[in-house]
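Heads up, the thing below is written out as C-alpha cells.
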Amino acid sequence: MKRFLVLLAVLLVLVACQPAVKPAEPAPIEPAPVEAVPEPVIEAAPEPVATVVATASPEPVVEAAPVPEGNTIEVSIEKMAFSQETVTIKKGDTVVWTQNDATPHTVTVTQGPASDRFDSNVLRQGQTFSHTFDIPGTYYYKCSLHPKMRGKIVVE
Ligand code: CU1
C-alpha cells in the first residue's frame with residue numbers, strides 16, 4: 001500500500017509539473033503581399049530658356065532699289081524682218097526682241113543717242129535680247145548680218 005501511495009505522489013508531482021495545455025505555437029505570420037507600387041515619376045522641370053533681349057540698335061533699313069516701272073514691248077524677229085519696224089515707247093520702257101528665225105540675226109543700233117548705242121551680237125533661234133531705253137531719242141537699228149533688216153525705236 002505504501003508503494004502505491006509513493007507512486008501516486010510521484011504521478012501527481014509529474015502531472016502538476018506538466019503544463020495543463022501545451023500552448024499552440026503561433027502560426028507564422030506571413031508578410032502581406034506587397035503590391036508593387038510604381039515609383040512616382042517626377043519629371044524634371046524644364047530648364048528656363050534664357051531670353052535674349054536685343055539691346056543693339058536696330059538694323060539700318062535698307063531701301064530696295066527702285067524697280068523700273070516702264071512697260072515691256074515685244075518685237076519678234078521672223079521671216080528675215082523685225083515684226084514692228086517702228087516702235088514708239090516712253091523713257092524707261094524695255095524692248096524685248098525674240099529671235100524666231102532659223103537664220104541668225106542681230107539687233108545693232110546704227111544711229112541714236114551716242115551714249116546708248118547697243119548691239120545684241122548674234123542671236124540664234126529662241127534667244128532673246130532686251131534693252132531698257134532711259135535716254136529719249138530715235139534709235140535706228142538693223143541686223144548686221146542682213147543690213148536690209150531695219151527697225152526704229154522712238155523714245156519719248
Ligand atoms: Cu539678220
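Just follow the structure's listing: the first ligand is 1, and inside any ligand the first atom is 1.
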Side-chain (Ser130) to main-chain (Val96) donor-acceptor, under 3.5 angstrom
no
Any sub-3.5 Å donor-acceptor pair from Asp93's side-chain atoms to Asn71's backbone N or O?
yes
Donor-acceptor contact present, side-chain Thr98 to main-chain Ser76, <3.5 Å
no
Would you indicate whether the side-chain heavy atoms of Glu85 and Arg150 approach each other to under 4.5 Å?
no
Taking Gln84 for the side chain and Glu74 for the main chain, is one N or O donor matched with an acceptor at less than 3.5 Å?
yes
Anything protein N, O or S sitting under 2.8 Å from the Cu ion (ligand 1): count it and give me the total.
3
Taking the six-membered ring for Trp, are Trp97 and Phe118 parallel (under 30°), tilted (30 to 60°) or perpendicular (over 60°)?
tilted
